[in-house]
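In the text below, chain A, chain B and the rest are named by the order of the sequence lines, each starting its count at 1. What you are looking at is a predicted structure, and each value in this text was computed from that prediction instead of being measured.
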Amino acid sequence: MLDLKFVRSNPDKVLEALQKRGAAVGLDRFLELEEKRRRELVEVEQLKSKRNTVSEEIGRLKKSGQDAENLVLEMRQVSQQIKEMDEELKAIEEELSFSLLTIPNIPDESVPVGTTEEDNLEIRKWGEPKGFNFDPQAHWDIGENLGIIDFERAAKVTGARFAFYRGLGARLERAVINFMLDLHTREHGYTEIFPPFLVNRDSMTGTGQLPKFEEDAFRIESIDYFLIPTAEVPVTNLYRGEILDGEKLPIYHVAYSACFRAEAGAHGRDTRGLIRQHQFNKVELVKFAYPETSFDELEKLTANAEKVLQLLELPYRVVCLCTGDLGFSSAKTYDIEVWLPSYGMYREISSCSNFVDYQARRANIRFRRDPKSKPEFVHTLNGSGLAVGRTVAAILENYQQEDGTVLVPKALRPYMGVEKIGK
RNA sequence: GGAGAGAUGGCUGAGCUGGUCGAAAGCGCUCGACUCGAAAUCGAGUGUGCGGUGAUGAGCUGCACCGUGGGUUCGAAUCCCACUCUCUCCGCCA
C-alpha cells in the first residue's frame, strides 16, 4: 500500500497515477475520512490523557485514605465517552485501511503510459523463431500423441484445466524444475526455499492478492487458508513483520512451488494445453533490496530469468508493461515472452516486477542500515524464473520433429538422460 | 485426540496479592574514557506505531502497544473469557 501521509499530502500525484492505470477511483471520500480520523483522534486522546492523570490522583487519594468518589464517578462518565469514540474511530480506520489497501501502486516514471497490452514497449528480442518444413503441431497434440500428457483423464479425475504428466513428460517437468533451481542457486546466487503451498489471509494481503482479488484464489473454507497463486506469496511473507539487518541485503531467494489459480474471468481463453491451468509449477525468484538499488536489481533479476531461455535456446522477447497493463502492486514490470509456433506469437512465460516499498509497507518488512538508524521499508521484487508448464509447452513446440518426436534441449539432457522424446 | 505448562523489549528473564511499569536485572548494540591497538574495566545511551507542535528536520509533547481479540475496573503486563501459537507427557498415525 501507499504511505498514508504521502496520499494525504500528494493527492494529485496519486490521482494522476490512478488515471494512468485506467483505474477510475476518486480520493474525496478517503481524504475526508482521513481528516475526520485525525480530528477525532486528537479529541479522544485528550480524554485519555485526562483519565490517566485523574486515575493516578485517585490512586494517591485512596492510598492516603481520602475519599475519591466524586472523581471515580466523573471518570466513569469519561471512560464511557472514550469507549464510544474509540468504536467510532475503529470504524473509520477500518474503512480507511480498506481503501488504502485497494489503491494500486504508483507506476515508475520510466513506465510507458498506455491503456492495453498493445501499448507495451518491446525492449529486446533474443533468438530467431525457426521455420518448419512441415506443419508444426500444438503442444497438447504433441503431448497426447507421445502419451506424455493426459488432459482427458485429468478432467475426469479433477476437472477442466488440469493435467497428468506421464513417463518422459513427468520427467521433463521435473528436469525443467531442477535445471532452473540449479542455475539460479549455483550461478546467480539465490538461496533456495521450499515454502508452504497454503498461506493465511494476512500473507495474501501482504503481497496484494487480497482484499481486492479474492475471487482469483482458491480458498480452504474450513480454515480460511489460501492455495498459493505463486511462491511470491509465502516467500515474500517469509520476513513479514520483521526488521532485517541491513548488512544482509540484498536477499535473493528462489523457490519452486505448485501454483493454484481460479482463473475467474478467463473462461474460453487458452482452453487447451498447458498455458492456462488451475495448477501449474513455477520457479520463482524473490528479492529484498535496498531502495536505492531496486531498479538495478530488477534488471538483474530479469536477466537471470532470461538466462533460462537462452540456455534452453528458446527464442523470446522482453516487453516493458505499460501503465494500463501493470499489475496492481507493481511499480514496473518486464514480461518475458517465449515464442510458441502453434500460436505464431510470443506468449508470457515470466513476469518480473519491482514493487518498491508497496508490498513491504503492507507486509511491514523493514531493515536497519546501521544499528542506530531508524527502520526503513525494503524494496521487494520477484519474477518467474520461469513458469514450468509454459516452458515445457515451448520446448515441445519449438523442438518438435517431423516424425512427431521431440528433441531434448542440450541443457536438459543431463537431467533427462535421453536426447529425444519418442513413443 | 486427552492432560498440563507457557507466550513480556534485539536476546535471556523478573514482574502477575491491579495504581509513580514502556516495564527490574543480565547479555547484546551505539558513543565516550582507558590503550600503540584490542580484550577486560568504567561512564552515558539504546523499542515501535499513530497524533499535536515545528519546515514532511532536530526538539518538545500526547496516546497506544507486555501473543491476538474482547470483558471487568476510576485505573490492567497484572483479574476474567475466547482464539492463535509454542513446549512437555499420554494415545494414535506416516
- line: To the nearest angstrom, the CZ-P distance between Arg368(A) and G47(B) comes to 9 Å
message: Measuring only the P atom in each nucleotide, how far is G19(B) from G10(B)? A whole number of Å is fine.
response: 25 Å
- prompt: Starting at CD of Glu45(A) and ending at C1' of C65(B), how long is that distance when rounded to a whole Å?
  reply: 13 Å
task: Let me know the distance between CG of Leu96(A) and P of C50(B), rounded to the nearest Å.
output: 13 Å
Minimum-distance nucleotide (side-chain atoms of Lys90(A) versus G69(B), G71(B), A64(B)): G69(B)
message: Using atom C1' in both nucleotides, what's the gap between U72(B) and A82(B) to the nearest angstrom?
response: 15 Å
query: Salt bridge between Lys307(A) and Glu187(A), side-chain N to carboxylate O under 4.0 Å?
result: no
message: If I pick the P atom on A58(B) and the same atom on G52(B), what distance separates them, to the nearest angstrom?
response: 15 Å
field: Paired nucleotide for C66(B) [Watson-Crick or G-U wobble; both distances under 3.5 Å]
entry: none
- request: On RNA chain B, check which nucleotide each of Pro375(A) and Asn52(A) is closest to and give me the residue with the more 5' one.
  value: Pro375(A)
field: Backbone N/O of Leu321(A) and side chain of Asn120(A): donor-acceptor pair under 3.5 Å
entry: no
message: Mind checking if Lys50(A) touches a base, just sugar-phosphate, or nothing, with heavy atoms under 4.0 Å?
response: nothing
- prompt: When you compare G71(B) with G62(B), how far apart are their P atoms, in angstrom units rounded to a whole number?
  reply: 27 Å
message: The side chain of Arg37(A) is closest to which nucleotide in this list: G52(B), G49(B), C50(B)?
response: C50(B)
message: Heavy atoms from C-beta onward define the side chain here; which of C74(B), G49(B), G51(B) lies closest to that of Arg8(A)?
response: G51(B)
query: In the structure shown, which nucleotide is the Watson-Crick or G-U wobble counterpart of A40(B), with both distances under 3.5 Å?
result: none
message: Please classify the nucleic acid contact of Lys62(A) as base, sugar-phosphate, or nothing, using heavy-atom distances under 4.0 Å.
response: base
Among G62(B), G75(B), G52(B), the nucleotide that comes nearest once only the side chain of Ser55(A) is considered: G75(B)
- request: Tell me which of Ser49(A) and Leu41(A) sits closer to the 5' end of RNA chain B, going by the nucleotide each one is nearest to.
  value: Leu41(A)
- prompt: Looking only at atom C1', what distance separates A7(B) and G69(B), rounded to whole Å?
  reply: 15 Å
field: Under 3.5 Å donor-acceptor, Ser294(A) side chain and His379(A) backbone
entry: no
- request: Before accepting this row, confirm whether a basic side-chain N of the pair Arg60(A)/Glu57(A) lies closer than 4.0 Å to the acidic partner's carboxylate O.
  value: yes
- request: Let me know the distance between CD of Glu56(A) and P of C74(B), rounded to the nearest Å.
  value: 17 Å
- request: For residues His278(A) and Phe162(A), establish whether the separation of their ring centroids is below 6.0 Å.
  value: yes
Minimum-distance nucleotide (side-chain atoms of Lys5(A) versus G19(B), C50(B), G52(B)): C50(B)
task: Rounded off to whole Å, could you give me the NZ-to-P distance for the Lys83(A) and U73(B) pair?
output: 9 Å
query: Does G52(B) have OP1 or OP2 sitting under 4.0 Å from an N or O in the side chain of Arg38(A)?
result: yes
- line: Partner of A14(B) under the Watson-Crick or G-U wobble criteria, both distances under 3.5 Å, comes out as none
task: Counting heavy atoms from C-beta on, name the nucleotide in U72(B), C63(B), G51(B) closest to the side chain of Lys48(A).
output: C63(B)
message: Please name the nucleotide paired to G54(B) by Watson-Crick or G-U wobble geometry with both distances under 3.5 Å, or report none.
response: none
message: Below the 4.0 Å mark, does G75(B) have OP1 or OP2 next to a side-chain nitrogen or oxygen of Ser79(A)?
response: yes
query: Just checking Val42(A): base, sugar-phosphate only, or nothing, at a heavy-atom cut-off of under 4.0 Å?
result: sugar-phosphate
- prompt: Quantified in whole Å, what is the P atom distance between nucleotide C27(B) and nucleotide A39(B)?
  reply: 15 Å
query: What does Ile243(A) touch in the nucleic acid at a heavy-atom separation under 4.0 angstrom: a base, only the sugar-phosphate, or nothing?
result: nothing
- prompt: Under 4.0 Å between a side-chain N or O of Arg51(A) and OP1 or OP2 of G75(B)?
  reply: yes
field: Distance, P atom - from G67(B) to C11(B), rounded to whole angstrom
entry: 13 Å
Distance between C1' atoms of G57(B) and A44(B) (Å, rounded): 25 Å
- request: Could you please name the partner base of G28(B), counting Watson-Crick and G-U wobble pairs only when both distances are under 3.5 Å?
  value: U46(B)
statement: Re U73(B): Watson-Crick or G-U wobble partner, both distances kept under 3.5 Å, found to be none
message: With a 4.0 Å cutoff (strictly under), does any side-chain N or O of Arg60(A) reach OP1 or OP2 of G75(B)?
response: no
U88(B) - base-pair partner by Watson-Crick or wobble geometry, distances under 3.5 Å: A3(B)
query: Rounded to whole angstroms, how far apart are CG on Leu89(A) and P on G51(B)?
result: 11 Å
query: Is Arg347(A) salt-bridged to Asp270(A), cutoff N-O under 4.0 Å?
result: yes
d(CZ, Arg201(A); P, C83(B)) in whole Å: 20 Å
field: Thr53(A) side chain to Lys50(A) backbone, donor-acceptor under 3.5 Å
entry: yes
Atom-pair distance (CG on Leu71(A); C1' on G19(B)), nearest Å: 14 Å
message: Donor-acceptor check, side chain of Tyr358(A) to backbone of Thr380(A), threshold 3.5 angstrom: yes or no?
response: no
